[in-house]
Amino acid sequence: MAGFIDRDKVLFPLKNISSVVEIFKNQLESNHEPDLALLSIIAGAVENSLTCRSNVSIQVVEPKTLPILELHTIEDLYNKFHAIMKGAIDVSKSENKVCTRETIKKVSDVVWNSLTRSYYKDRAHLQSLYSYLTGRKLDCFGVAFAVVAGCQALGFSDVHLALSEDHAWVVFGESGTETAEVTWHGKGNEDKRGQEIGKGVSARSWLYVNNKPVICTRAMEVAALVSAINPSLNATLDACEVACLQQELLWLLYDLGHLAKYPMAIGNLGDLEEIAPTPGRVPCSALFQEAILSARTYYNNQHVYPYTYQGGYFYRNKMYKEAFESWANASDVIRLYNYSRDDEEIYKEFLEIANELIPHIMKVISSGFSANSILKKPECFANLLRFYDGICQWEQGSATPVLHIGWAKPLVNTISKFDADVRAQVNIVCESDCSSLDDRKLPRSNGNTSCFNNNNNYCLSQDHAKSHNLIDQIESKVTKDEEVTNL
Ligand SMILES: FC(F)(F)Cc1cc2c(N3CCN(c4nnc(C(F)(F)F)s4)CC3)ncnc2s1
């Protein structure tokens, strides 16, 4: 690791965004691996100076300038982090060796035991080593990142960050295949720190993405800390300098090829580009498509977020037919999983799509009578069925139920908006062995299952065949729940 060297120190005091980008560029292009502690402290210091309560009086700073960041501020924190790690773990005997589970647990304990007793874990700006070193507070991602940065500081180049869509852990050892929990997940769950990643029921949960996590290189760990930069000043306002810095750093990482296997980072860049397009760069729609391609290529299409990034973009831009297709594709991913209590985040995502976004679309379009209304398009009906069917299949074989009465009303209301002649154009093809798919939930090989056949009818083929009992299932649940409520 290069560490904090003179070539970077001469850029201080940091006064503008390009000097911060320059340091990241130096670190990423050096022939040493980038120094995670240094970059996290710098990114956290910039974010804190522009977003945190202390100076919430809206900064009228020169565009692209930053409150001045002195060298000693960063250097003192950097040395403090090294002192904490080296003070707690003696690595003299393990020079240039791979890391052990007990050392990883020790590093995780050092971080864990130095955190403030109790604080609001979901608050913003708790992801960086700046937050850890100045406020003794980290969020769940921040703890995992701190452990990897700590192991790097101790000289272990085999310890890397592993990322699912809602959790983080580490991989280590000779072939980098050992795994260890190092942080907590969700609310009220006992942490499993030190244990290897679940082989049990949790293996089928979305939380562990069917063992297709993003395994980071050092540069991808830099991409993770950059993705975790949070420009929000409050619920409605962003500090544009921080968003601009994040966007420039993501483009730097993109151009160096470090986002190629990181769909969520590409999606983050797409979101930033939708708000503030960079002249001369590909449109954000292309980035959302790239994120999907990355997930299909490297993660066997087992990730949901690339499709919900894209669906959200189409929805915000009133491209409702396309949004239905993205959401149906997201549903094709989740149908392979068993729903477990650890999967609340993605449950909330599907709940919002089904019970807020789709009903909103139905409301705004049913007022118009245009001939090319999506209510006249069988492929829209087919994609909606595919969306709902994926959620039903997600529930099947799971210990925890997904659907409840609250799902049925918006669903039935949506489906009934399509006329019978449109619905009739959707053939639901029943493969003979569709029942056998229930329990095995074979992961599908390709990306989307083609739902359209050549004679212009729209068939829900193979695994979607269960759609024919989709409404029965919902209706049976509705009557059951109604019976219960009427008791
Ligand atoms: F480490 C954890 F535990 F925090 C899991 C990770 C989350 C995450 C992320 N996110 C989470 C998903 N995310 C989304 N924002 N919008 C989303 C979508 F619903 F529009 F798809 S998904 C914001 C960025 N972006 C980069 N890397 C990571 S690693």
Side-chain angles (χ1 to χ4, degrees), residues 40 43 121-124 126-128 138-149 160-171 181-187 189 191-192 197 205-209 212-216 219-232 243 246 249-250 253-254 258-259 261-275 284-285 287-292 294-295 299 303-317 323 326-327 329-331 333-334 342-354 356-357:
S40 179
K121 308 285 189 299
D122 292 347
R123 230 183 62 198
L126 301 185
Q127 76 289 52
S128 75
L138 283 172
D139 59 23
C140 127
F141 164 82
V143 168
F145 183 87
V147 171
V148 175
H160 285 288
L161 194 58
L163 302 170
S164 77
E165 298 191 296
D166 190 41
H167 192 31
W169 59 93
V170 302
V171 295
E181 298 273 8
V182 292
T183 184
W184 78 87
H185 178 263
K187 288 193 174 12
N189 309 325
D191 71 86
K192 305 180 210 165
I197 294 312
S205 69
W206 163 77
L207 188 69
Y208 291 97
V209 282
K212 292 285 177 190
V214 175
I215 304 293
C216 292
M220 287 168 76
E221 281 141 13
V222 175
L225 84 86
V226 170
S227 275
I229 288 171
N230 187 337
S232 23
Q246 182 178 38
L249 290 175
L250 284 172
L253 288 152
Y254 178 94
H258 300 311
L259 302 194
K261 299 182 178 177
Y262 197 165
M264 286 185 288
I266 303 172
N268 288 333
L269 181 54
D271 277 352
L272 291 164
E273 282 292 308
E274 181 186 354
I275 295 164
C284 61
S285 54
L287 291 168
F288 295 123
Q289 196 51 41
E290 278 184 40
I292 286 167
S294 170
Y299 306 107
H303 293 186
V304 176
Y305 281 149
Y307 296 109
T308 46
Y309 268 117
Q310 186 187 57
Y313 165 74
F314 286 140
Y315 173 79
R316 291 188 293 272
N317 291 275
S326 303
W327 291 333
N329 291 338
S331 193
V333 173
I334 203 69
D342 289 323
D343 296 344
E344 282 94 355
E345 279 312 305
I346 205 66
Y347 172 83
K348 288 189 287 189
E349 201 68 39
F350 280 106
L351 191 72
E352 186 195 17
I353 294 166
E356 313 284 334
L357 306 187

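Whatever order the structure lists them in is the order used to number ligands and atoms, beginning at 1.
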So do the side chains of Leu126 and Leu138 get within less than 4.5 Å of each other, counting heavy atoms only?
->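 They are not in contact (no side-chain heavy atoms under 4.5 Å apart), so the answer is no.
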Tell me, do Glu165 and Pro306 make a side-chain contact under 4.5 Å, heavy atoms counted?
->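 Yes. Closest side-chain heavy atoms under 4.5 Å.
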So Phe288 and Tyr309, would you call those rings parallel, tilted or perpendicular, with 30° and 60° as cut-offs?
->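 Judged by the thresholds at 30° and 60°, the geometry between Phe288 and Tyr309 is parallel.
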Under 30°, 30 to 60°, or over 60°: which ring-plane class applies to Tyr315 and Trp327, parallel, tilted or perpendicular?
->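 Aromatic pair Tyr315/Trp327 classed tilted.
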Do Asp271 and Arg316 meet the salt-bridge criterion of a basic N to acidic O distance under 4.0 Å?
->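 The answer is yes: the pair qualifies as a salt bridge.
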Expected output: side-chain Gln246 to main-chain Ile229 donor-acceptor under 3.5 Å |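 It does hold such a pair.
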Residue shell around ligand 1, heavy atom under 4.0 angstrom =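 The answer is Phe141, Leu163, Ser164, Glu165, Asp166, His167, Ala168, Ser227, Tyr262, Met264, Asn268, Tyr305, Thr308, Tyr309, Glu349, counting any residue whose heavy atom sits under 4.0 Å from ligand 1.
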